[in-house]
Amino acid sequence: MPRALELPEPVLAVARRVSGSSFAAKAVRRTVGAAVFLFAVRAFFDTPFKTYIDGAAVGVLYGLIAVGLILIYRTNRIINFAAAGLGAIPAVTAALLQTKHGMPYALGIPIVVVGGLLLGAAVDILIVRRFATAPRLILTVATLGVVQILAFVAIYIPIWMGSKGKGVSQVSTPWRRIFTLHDSHGTPVLTGDQVFAVAVVVGLGLGLAAFFRYTRMGIALRASAENADRASLLGIPVRRVGTVAWMLAGLLAAVTIFLRAPLVGVPTDGSLGFGVLLYTLAAAVMARMEDIPLAIMTGMGLGILEAASVRKAGQNDLASALVLLVVLGALLLQRSAVSRAQDTGVSTWQSVKEFRPIPLELRNVREVVLGKTVLAVLVAGAFLAAPYIVTAGQLNKLTLIPLYAIVAISLVVLTGWAGQISLGQFGIVGIAAAVSGGLVANHNADFFVAMGAGILAGVVVAVAIGIPAVRVQGLYLAVTTLAFGGACEFYLLKDKYVLGTHKILPSGDAARIPRPLMFERLDLTDDRAFYYFCLVFLVGALLAARAFRRNRSGRVLIAARDNARAAPAYAINLARTRLAAFAVSGALASVAGVLFAYHQRAIDASSYGIEPSITIFLVVVIGGLTSLPGAVLGVVFFQSIENFISPHFQGASLLATGPGLLLILMFLPGGFAEAMYRARDSVLRWVANRNGIHVPSLVADKRLEPEEMEQDVVSQAEHSVETVESFDVVDRPTITCPVCGERFLPEDAVGHDHFQVVEA
């Protein structure tokens, strides 16, 4: 047999040294990785030197926000989706004071620093601490609500400060006047703004390193990040340490936006754009949510990639699509980092609230049957009468309610029942819309052929997304699906890229997608007829999802969600179960996608991107993640605000998904559905009492503690006091025990068995 290839000992020694965990080994690996990356960018994009400088200057700011993400993850074990927008309010305020009111640049620096620190502290004290005992995924969703609040406030800051909502003009700085390096053609190659941005980031990085290493609070923050419970037992004020972490995150975000303003402009909303969030999340994930220098380096690399994409294609579409590959590669190669999500108890959406059906004892009671009939008639009447209530111009918007409701149902299956977080659900909707719309526009395909092709494409894509979910769970899966939504919005669904060049998307003169004439009678070009047509599919989706939940497949999903460790002991294949959940959810979302294509009569990539995906997720949380009626109610609530209130009150929908979401998470974790089922159970108790029916499932909702049991028995005994006549004393009171019925004098009650307090 041929001998295996043996490397010389010096080569093996170098390989062992480079693969080690020492500082020198890490430096060598990162230097080699950076060189390979820069060579690849140069080869693929043909990038000049100036592009590297521009990209690195912006990318180092992505790395700075990624540092804020890492700080919050290490202390709270959550992914802070508000990390990019925490500093928008102070930074935009400082920029407006400079551009609109002539304030000196130097005075904006303390506004940014103090404002970022105070805003971070306010978010922790007012919001984060309210969810101290909640599951980490609940707090993660709460940060999405914080993003909506920040966006709402940032919308009105320019208006309040006299800008009339036109945004912020370019911010001028003294650094550009002090230093600017030009090439032979007079084009600026390196500006003072870029040098200042890099210098500030390096200074902040060194300052953070010194803070963590040499200060008591920094050491306490590191200890709390490693093990908060143990740190608390050792006397470390964990809450105060958490507040410091949020203050630092707010400071980093505010400084980032302030430094970014002279380079690429000031954001007009408080989220800094979900595209920026993609880059910062990718940098943090590449850094394993712990390595600050690597996060800054990765941010610089992503900034270079973005600048190269803009130079080659005029937009950052290619870079946004590659972020998905970066995130997937990082997560699949970092097994230890992924397992931490399961170790901290946040692997799935486990805080969902299941709602029981009407008890068997009451299902055939006359009042219950009548109530169900009346409620069904009212709901059906509202949906059927809606097209005749709204104006003709609002009919097209009204159709969005059944379409969004179908997508919401798909999220109930995937997130509510299977526990898999998806922040890119509209990407699946967009793929189905693109495939079906392309068949109709380019090949005049029949409606049912287009529907079948769209569903097939959506299921295939959903299963492809679900494959990483076998290993990537919880918060990391949310990041992966978010990156998928970005790839769909910025690359896959644009006609100048893969799907467009292969004639899958509607293109050319056939870009419009005509609505069909169904069965030679139903003309779907009429908006009212198309609304009823979509309503039929909504009813079908509800019935299909309800049947799926009631059979064995639905029960298996719940078992795998609630206890992933014990489920395999009952012959449940977790991988197959999760992929099945993605397939069923993808099929439902694809139905909505096909109808969306006919509704919009074109493919608009922005309609299927990150923002609608996050919005529908928040809407379903507000309605109730495990409840089909709750999810539909959430959609009706949000779309009513979006279509009928937002045109008259800017930002009304942000209030619903911002403060409204936080209130729901605080007081009704089960969403609107929890309130509905509470009211239903109250009515059922009244019906049971009225008919003298004992329903154990309704009376066992409240568990009595030993103290409450003692008070309850004593109060019943007080009502059982009677007066009797004896030969010695007239009208002496006696007590009847409510448990055994024995009668005795008050002085004998002390020794009675049923009046003794039993320790739990």
Side-chain angles (χ1 to χ4, degrees), residues 30-67 69 84 170-171 173 175-176 179-183 185 187-202 204-205 252 255-267 272-287 293-327 330 483 486-487 490-491:
R30 291 175 185 180
T31 301
V32 173
V36 171
F37 169 77
L38 294 176
F39 177 79
V41 172
R42 173 69 179 174
F44 184 76
F45 291 100
D46 191 21
T47 307
F49 180 71
K50 183 179 183 304
T51 303
Y52 289 104
I53 295 177
D54 294 341
V58 175
V60 75
L61 301 179
Y62 294 155
L64 197 59
I65 299 178
V67 173
L69 270 167
Q170 191 72 21
V171 178
T173 69
W175 316 115
R176 184 179 291 268
F179 172 79
T180 300
L181 182 64
H182 298 83
D183 60 10
H185 302 286
T187 304
V189 176
L190 181 64
T191 66
D193 293 330
Q194 295 170 332
V195 174
F196 181 67
V198 174
V200 169
V201 172
V202 172
L204 284 173
L252 296 177
V255 170
T256 296
I257 297 176
F258 190 68
L259 296 176
R260 180 183 165 88
L263 302 178
V264 296
V266 180
L272 201 61
F274 288 112
V276 172
L277 182 61
L278 273 180
Y279 295 121
T280 57
L281 282 171
V285 169
M286 284 288 291
L294 182 58
I296 295 176
M297 288 183 59
T298 307
M300 294 177 67
L302 291 172
I304 293 173
L305 189 64
E306 180 187 26
S309 174
V310 171
R311 183 183 182 277
K312 181 174 183 177
Q315 295 175 316
N316 63 347
D317 297 340
L318 296 175
S320 299
L322 290 175
V323 167
L324 174 61
L325 301 180
V326 171
V327 170
F490 299 115
Y491 185 77

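For this chain, numbers begin at 1 and follow the sequence in order. Nothing here was measured: the structure is a model prediction, and the numbers come from that model.
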Exercise for review: Indicate whether any N or O donor in one side chain lies under 3.5 Å from an N or O acceptor in the other, for Tyr279 and Ser320.
Suggested key: yes

Exercise for review: Would you please name every residue forming a ring pair (Phe, Tyr, Trp, His ring centres under 6.0 Å) with Phe196, sequence neighbours left out?
Suggested key: Trp175

Practice item. State, to 0.1 Å, how close Ser309 and Ala319 come at their nearest heavy-atom pair, and which atoms those are. Key: OG-N, 3.5 Å

Point to revise | Of all pairs that satisfy salt bridge (Lys or Arg N to Asp or Glu O under 4.0 Å), the ones with a partner from residues 276-286, not counting sequence neighbours | key: none

Exercise for review: Mind checking the CG-OG1 spacing from Leu263 to Thr173? Nearest 0.5 Å is all I need.
Suggested key: 8.5 Å

Check your understanding: So which heavy atom on Ala283 is nearest to which on Leu302, and how close?
Key -> N-CD1, 3.9 Å

Practice item. Of all the heavy-atom pairs spanning Ile304 and Ala56, show the shortest one and how long it is. Key: CG1-N, 3.7 Å

Check your understanding: By side-chain hydrogen bond (donor to acceptor under 3.5 Å, both in side chains), which residues pair with Gln194, not counting sequence neighbours?
Key -> Asp54

Check your understanding: So do the side chains of Val276 and Arg260 get within less than 4.5 Å of each other, counting heavy atoms only?
Key -> yes

N/O donor-acceptor pairs under 3.5 Å from side chains in residues 31-43, not counting sequence neighbours:
residue: Thr31; atom: OG1; partner: Ala27; partner atom: O; Å: 2.7
residue: Arg42; atom: NH1; partner: Thr47; partner atom: O; Å: 2.4

Check your understanding: So do the side chains of Ile65 and Leu252 get within less than 4.5 Å of each other, counting heavy atoms only?
Key -> no

Point to revise | Inter-residue atom distance Leu277.CG - Leu69.CG, 0.5 Å rounding | key: 7.0 Å

Check your understanding: Are the side chain of Thr280 and the backbone N or O of Ala84 linked by a donor-acceptor pair below 3.5 Å?
Key -> no

Practice item. With Val200 as reference, evaluate Thr256, Val195, Val255 under the side-chain contact (heavy atoms from CB on, under 4.5 Å) test and give the passing residue. Key: Val255

Review point. Just wondering, do Leu64 and Leu204 contact through their side chains at under 4.5 Å, heavy atoms?
Key: yes

Check your understanding: With side chains defined as the heavy atoms from C-beta onward, is the minimum distance between Thr51 and Pro48 less than 4.5 Å?
Key -> yes

Check your understanding: Do Thr298 and Tyr62 have side chains that get closer than 4.5 Å, going by heavy atoms?
Key -> no

Practice item. Scan residues 301-313 for pairs that pass salt bridge (Lys or Arg N to Asp or Glu O under 4.0 Å), counting only residues two or more places apart or in two chains. Key: none

Check your understanding: How far does CG of Leu190 sit from CD1 of Ile53, to the nearest 0.5 angstrom?
Key -> 5.0 Å

Revision key, fill the gap. Across all chains, not counting sequence neighbours, the side-chain hydrogen bond (donor to acceptor under 3.5 Å, both in side chains) partners of Thr191 are none

Check your understanding: When you look at Phe45 and Leu318, which way does the side chain to side chain contact (heavy atoms under 4.5 Å, CB included) test go after all the steps?
Key -> CA-CA 10 Å; Phe45 291 100; Leu318 296 175; 3.9 Å; yes

**Study point:** Which atom of Ala197 lies closest to which atom of Leu61, heavy atoms considered
**Key:** CB-CD2, 4.5 Å

